[in-house]
Amino acid sequence: MSLFWSVIRQLAEIEAMATSKKVITRDEWEKKLNDVKIRKEDMNKLVMNFLVTEGYVDAAEKFRMESGTEPDIDLATITDRMAVKKAVQSGNVEDAIEKVNDLNPEILDTNPQLFFHLQQQRLIELIRNGKIEEALEFAQEELAPRGEENQSFLEELERTVALLAFEDVKNSPVGDLLDISQRLKTASEVNAAILTSQSHEKDPKLPSLLRMLLWAQNQLDEKAAYPRITDLFTATLEDPTV
Amino acid sequence: MVNDFEGGRQEKDIVGSYFLELWRSKSKKAAVSYAKDVEMVNLDNECEELEEEEEPVPTELDTLNSSGGFSIVLPNKLSVQYPTVNLHGHDVGVVQANCPAPVKRLLYYFEIYVKNAGAKGQIAIGFTTEGFHMRRQPGWEANSFGYHGDDGLLYRGHGKGEAFGPTYSTGDVVGGGINYTSHEFFFTKNGQVVGTVEKDVKGRLYPTIAVHSQYEEVIVNFGKDPFIFDLKAYEATLRAKQQAVIERILIPQAASYGLIRSYLQHYGYEETLNVLDEASQTCIPPITTTTTGVHDNGFNEYGAYALNHRKILRKLIKDGQIDDAFAKLREWYPETVEDDTSAICLMLQCQKFIELVRVGHLEEAVEYGRSHFEKFYKLKEYEDLVKDCAGLLAYEDPKKSGGLGYLVEDSQRENLADAVNAMILSTNPEEANTKRSCLHSYLERLLRQLTACFLEKRLLNGNQGEAFHLPRVLLAKNN
């Protein structure tokens with residue numbers, strides 16, 4: 001019987017050892033951090049990628065001069081892309097469509113959804129400006145035929161024209177369409193489509209890497225207690241909680 | 001690679017020796033010892049730069065350690081036959097690959113083509129550990145796994161199989177793989193995944209095949225020929241799945257922008273910073289975020305320290321104006337260049353020499369070297385670097401000077417500019433308690449943390465799985 005219990009106890013100990021996390025002290029971890037090699041040129045590329053993708057063309061140009069980092073895209077194309085984005089953001093959708101077509105007519109030809117969303121935004125802007133007649137005409141002539149091609153387009157169209165049915169639009173169930181965020185959404189969709197057409201990624205790499213850091217830390221949490229970084233702004237190491 | 005500094009001196013000059021090491025990592029001496037490391041590299045070596053390229057991969061079947069008599073490996077070492085004589089039912093012919101499957105990656109995979117299913121079609125594909133009993137089907141013994149052709153069952157650890165996939169026979173192509181992220185095996189038949197099964201063994205695993213009846217013949221493909229299964233697409237799907245999980249993680253919207261700003265501040269890229277600030281102010285509405293307070297977040301006060309001075313010095317060094325940079329440094333931060341034999345002075349004077357060689361003023365370079373290098377020769381820790389510089393004189397075109405060409409590249413100037421930048425940051429009285437903060441930007445600290453987390457996770461996982469490599473992320477075009 002005593003043998004039985006000692007075996008049980010041993011098994012429990014083994015199990016505890018297997019489930020208990022490895023503890024890595026601050027000193028040990030800092031040593032590991034110092035052994036990591038991150039090349040300056042790679043960080044420069046990461047910064048350039050951010051500036052280019054987010055459309056900070058002047059900053060990208062300056063950064064090229066100050067750091068000698070070459071952008072992975074022709075900087076001139078950023079200016080055009082930003083002009084389109086700005087046009088949508090300030091409600092000049094017609095102007096934006098024209099600019100996109102000047103840039104590359106294939107972008108809208110091959111993206112029916114994007115084209116629909118731009119037209120929808122145009123309708124929203126007409127309604128916002130109180131051009132009711134024009135809005136109705138535009139909806140029936142330009143948007144309705146597209147709705148026939150695609151059920152979800154039709155639903156969105158119906159939702160949009162519903163803006164006309166409310167006296168107090170802002171508090172209506174479709175009020176969100178008039179919000180600035182709707183413009184931003186459309187603008188970022190155009191932005192992404194242009195970047196894709198230039199065979200460039202539509203999102204900068206840095207936010208992805210930051211998410212990956214939080215993910216990797218979560219993964220490692222399961223196996224070890226070590227100094228984490230929770231505050232991305234200050235990159236401060238926190239002491240491990242045991 | 002440790003400097004032979006006297007303790008006190010090293011303590012004092014963390015910044016200088018840090019950048020000296022960065023230089024040294026490119027030096028001729030480093031290149032030579034790197035080559036030696038490659039030769040000596042062994043399986044468990046934690047040398048991250050070598051790993052994926054250097055990890056051995058199976059290329060052929062092991063002819064020495066096979067189940068003598070019950071399998072015949074053909075001379076090309078990629079085909080196995082069962083002997084034509086009708087042997088006993090226990091006489092399994094097992095063959096392992098010539099080395100275990102590589103582990104420092106996301107996936108490993110190999111395929112077999114069943115040329116002849118023979119009398120009973122008792123062919124198996126799977127994985128076994130070192131010292132596996134070569135007369136047993138993979139899967140029959142502990143720590144072995146096999147997908148069997150005659151019954152389509154999966155065997156793991158004992159003689160009774162479990163329902164898994166279809167049977168396979170003559171003309172079929174069957175594959176076996178390991179997913180190091182999900183800790184699973186996966187098997188394929190004619191290009192389709194049959195199923196996955198948990199990999200509950202940590203040691204190294206050998207790709208293994210078995211033949212068990214008369215006339216059976218199998219040809220192995222370790223990747224020399226294209227696989228029938230689209231491994232690349234499979235890997236892309238797995239990565240996309242993982243990426244989708246990662247993309248759902250929330251980060252503060254202004255974090256990226258703030259980190260970029262603090263990076264520009266840290267390295268003294270002042271003009272970029274100013275233009276960026278201007279752009280985000282005039283842009284209506286702001287591009288990166290709809291919340292206000294971008295400028296309060298991610299903005300480290302110390303980062304603005306001596307920003308304009310650091311920018312001017314960076315520019316001078318970038319343009320090769322070393323004398324001017326030296327003079328400004330003496331004027332503005334005399335304490336940083338007080339000691340004429342400090343690492344920073346060495347770097348500045350070596351760069352001055354390099355610039356003279358760059359523009360072809362060799363006589364002047366010789367003279368400069370004679371009057372400035374002598375004091376460094378006495379200091380052992382600088383010897384290799386000074387030697388590299390002096391060696392440039394031997395070449396008509398320094399760019400083509402073998403292991404020394406790195407000296408005349410822009411990156412050498414940038415390393416000096418970074419060193420000077422960090423030296424100035426270290427004079428900030430506000431930051432006196434943490435010298436290290438002048439070495440790394442916030443961005444770099446996060447990237448180091450990211451890399452360390454991946455390495456540690458792998459270490460705790462029996463060294464299996466992928467590492468994080470920033471250059472690979474920068475090359476990828478997948479979002």
Side-chain angles (χ1 to χ4, degrees), chain A residues 22 24 29 32-43 45-47 49-51 54-56 58-59 61-63 65-68 85-86 89-90 180-181 184 199-217 219-220 223-224 226 229 232-235 237, chain B residues 25 48-49 245-247 249 251-252 255-256 258-260 263-264 267 269 271-272 275-276 278-280 283-285 287-288 290 297-298 300 311 314-315 318 410-411 414-415 418 441-457 460-461 468 470-471 473-474 477-479:
Chain A
K22 182 182 173 187
I24 306 169
W29 189 250
K32 285 171 195 277
L33 289 176
N34 286 332
D35 286 343
V36 171
K37 287 184 184 62
I38 301 286
R39 287 188 305 189
K40 173 83 187 299
E41 55 173 296
D42 288 335
M43 291 192 288
K45 281 184 196 163
L46 195 58
V47 170
N49 170 275
F50 179 87
L51 297 175
E54 291 288 354
Y56 294 111
D58 296 336
E61 185 57 53
K62 279 276 182 256
F63 191 60
M65 290 195 299
E66 281 191 301
S67 74
K85 198 170 168 180
K86 213 166 180 174
Q89 281 170 347
S90 45
I180 192 79
S181 64
L184 295 184
S199 51
H200 195 279
E201 293 166 300
K202 59 188 191 333
D203 297 312
K205 290 180 187 286
L206 180 55
S208 255
L209 286 173
L210 298 180
R211 289 192 186 92
M212 199 188 275
L213 166 64
L214 298 183
W215 176 81
Q217 290 191 142
Q219 296 256 309
L220 188 55
K223 305 216 167 203
Y226 63 97
I229 293 179
L232 296 176
F233 290 100
T234 59
L237 276 183
Chain B
S25 67
E48 52 170 320
E49 294 200 351
V245 173
I246 293 173
E247 291 302 324
I249 294 173
I251 52 166
S256 299
L259 286 166
I260 297 289
Y263 181 87
L264 298 174
Y267 282 111
Y269 296 124
E271 288 180 29
T272 310
V275 173
L276 180 65
E278 214 174 285
S280 50
C283 175
I284 349 156
I287 294 173
T288 42
T290 49
N297 285 327
N300 44 350
K311 171 210 140 171
R314 177 174 291 279
K315 176 103 185 14
K318 189 171 182 291
D410 286 344
S411 57
E414 180 154 311
N415 190 42
D418 291 347
S441 62
Y442 290 166
L443 178 66
E444 176 161 0
R445 282 185 233 178
L446 295 177
L447 292 169
R448 282 171 181 268
Q449 178 84 355
L450 173 55
T451 313
C453 282
F454 266 83
L455 285 176
E456 190 62 27
K457 197 181 118 198
L460 296 175
N461 191 28
F468 170 81
L470 183 55
V473 174
L474 288 167
K477 290 215 168 194
N478 56 359
N479 68 354

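Proteins come first, then strands; the chains are lettered A, B, ... in the order of their sequence lines, and each starts at number 1.
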- prompt: side-chain contact (heavy atoms from CB on, under 4.5 Å) between B:E456 and A:K223: does it pass, once the steps are laid out?
  reply: CA-CA 9 Å; B:E456 190 62 27; A:K223 305 216 167 203; over 6 Å; no
- prompt: Got more than 12 heavy atoms from elsewhere within 6.0 Å of NZ, B:K315?
  reply: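 Incorrect, the count does not exceed 12.
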Nearest atoms (heavy-atom pairs only) where [X] meets [Y]:
X      : Y      : result
B:L474 : A:D42  : CD1-O, 3.5 Å
B:I246 : A:S208 : CG2-O, 4.3 Å
A:F233 : B:Y442 : O-CD1, 3.1 Å

field: Toward chain A, the part of B:Y263 with a non-hydrogen atom under 4.5 Å
entry: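 The side chain, not the backbone.
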query: Relative to chain A, which segment of B:K457 carries a heavy atom at a distance below 4.5 Å: side chain, backbone, both, or neither?
result: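 Both backbone and side chain.
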Non-hydrogen side-chain atoms of [X] and [Y] separated by less than 4.5 Å:
X      : Y      : answer
A:D35  : B:L455 : no
A:L237 : B:R445 : no
B:E414 : A:E41  : no
B:F468 : A:L209 : yes
A:M212 : B:L450 : yes
A:L206 : B:L443 : yes
A:E66  : B:K311 : yes
B:C453 : A:Q219 : no

query: Going from CE on A:M43 to CG on B:L259, what distance comes out if it is rounded to the nearest 0.5 angstrom?
result: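 If we round to the nearest 0.5 Å, A:M43:CE and B:L259:CG are 12.0 Å apart.
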- request: To the nearest 0.5 Å, tell me how far A:L210 CG sits from B:I251 CD1.
  value: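 Rounded to the nearest 0.5 Å, the CG-CD1 separation comes out at 5.0 Å.
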- prompt: Heavy-atom distance under 4.5 Å to chain B: side chain of A:N49, backbone, both or neither?
  reply: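 Contact with chain B is absent: no heavy atom of A:N49 under 4.5 Å.
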- request: Sort A:K40 into side chain, backbone, both or neither according to what part of it lies under 4.5 angstrom from a heavy atom of chain B.
  value: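 Both parts, heavy atoms under 4.5 Å.
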- prompt: When only pairs under 4.5 Å are counted, which of B:N415, B:N461, B:L460 shares the most heavy-atom pairs with chain A?
  reply: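 Top option by heavy-atom pairs under 4.5 Å: B:L460.
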task: Name the option with the most non-hydrogen atom pairs under 4.5 Å to chain A; the candidates are B:I260, B:D418, B:V275, B:T272.
output: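 Looking at each option in turn, the highest pair count goes to B:T272.
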field: Polar side chain donor-acceptor pair, A:W215 to B:E247, under 3.5 angstrom
entry: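 No pair is found: no donor N or O on one side chain lies under 3.5 Å from an acceptor on the other.
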Step-by-step side-chain contact (heavy atoms from CB on, under 4.5 Å) determination, B:R448 to A:I38: CA-CA 7 Å; B:R448 282 171 181 268; A:I38 301 286; 3.9 Å; yes
